[in-house]
Amino acid sequence: MMDIAATTLRSTAASAPSTPSVPNPAAADKVAKEFEAMLVGQLMESMFAGMRESPLFGGGPAEKPWRSMMLQEYGKAIAESGTLGIGRMTHDEIARLYAAQGTAQETTGAEQRS
């Protein structure tokens, strides 16, 4: 029996264009992960906004600041794992923008030399 999903994934990966290079890939990765962590944390804040304080955690007004910190840390952990792929997509977009900027600069430089 043939695994259609694996075959599709392989053919998509093989035909996908390579990601252009970024001058500082480590910095781009860091920014992409920070963006994903912030986004996921904000999404989780929205998810938990309607929930009341839980007596299991002591409840009361002090739970809200701790919940916010907990959700930020959840966002960081999810971003670090890379399971959603938002960071990877952000990194690819940063690389694409650098490539487009480099192409525009090369074109402008060639026109000025002519």
Side-chain angles (χ1 to χ4, degrees):
M1 186 170 156
M2 187 172 171
D3 185 6
I4 295 172
T7 306
T8 305
L9 181 61
R10 273 189 235 112
S11 65
T12 304
S15 65
S18 63
T19 303
S21 64
V22 177
N24 189 347
D29 281 338
K30 181 181 181 209
V31 169
K33 283 184 181 176
E34 287 175 356
F35 175 75
E36 182 174 8
M38 184 268 313
L39 181 65
V40 172
Q42 291 296 315
L43 291 172
M44 293 183 86
E45 288 277 348
S46 296
M47 282 176 29
F48 280 77
M51 294 182 70
R52 287 181 254 145
E53 291 78 19
S54 171
L56 294 174
F57 295 106
E63 185 177 335
K64 282 194 180 195
W66 290 108
R67 182 186 293 172
S68 177
M69 288 183 232
M70 177 186 70
L71 295 176
Q72 288 174 6
E73 292 302 314
Y74 283 167
K76 289 177 188 176
I78 291 169
E80 191 61 38
S81 72
T83 54
L84 296 179
I86 297 169
R88 186 182 65 252
M89 288 186 291
T90 304
H91 181 273
D92 292 348
E93 185 64 17
I94 291 169
R96 188 190 67 74
L97 290 172
Y98 268 108
Q101 182 181 14
T103 303
Q105 287 176 352
E106 289 173 6
T107 304
T108 304
E111 288 174 1
Q112 289 176 353
R113 283 178 262 170
S114 299

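These numbers were taken from a predicted model, which means no experiment stands behind them. One is the number of the first residue; the rest follow in order along the sequence. Just the heavy atoms: all of them, side chains too, but no hydrogens, waters or symmetry mates, feed the values below.
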With side chains defined as the heavy atoms from C-beta onward, is the minimum distance between F35 and I86 less than 4.5 Å?
yes
For residues E34 and M38, determine if any side-chain heavy atom of one lies less than 4.5 Å from a side-chain heavy atom of the other.
no
Rounded to the nearest 0.5 Å, how far apart are [atom1] of [X] and [atom2] of [Y]?
{"X": "L43", "Y": "Y74", "atom1": "CG", "atom2": "OH", "result": "15.5 Å"}
{"X": "E36", "Y": "R88", "atom1": "CD", "atom2": "CZ", "result": "9.0 Å"}
{"X": "L39", "Y": "M44", "atom1": "CG", "atom2": "CE", "result": "12.0 Å"}

Main-chain N/O of F48 paired to R67 side chain as donor or acceptor, under 3.5 Å:
yes
Heavy-atom nearest pair, H91 first then P25, reads NE2-O, 4.0 Å
Note: V40 and G75 closest approach over all heavy atoms is CG1-CA, 3.8 Å
Please tabulate, one pair per line, all N/O donor-acceptor pairs under 3.5 Å involving side-chain atoms of residues 77-85, not counting sequence neighbours.
from, atom 1, to, atom 2, distance (Å)
E80, OE2, K33, NZ, 3.4
S81, OG, I78, O, 2.8
S81, OG, T83, N, 3.4
S81, OG, T83, OG1, 3.4

Other than W66, which residues form its hydrophobic cluster under the rule that side-chain heavy atoms must be closer than 4.5 Å?
M69
Cut-off 3.5 Å, side chains only: do S68 and E45 have a donor facing an acceptor?
yes
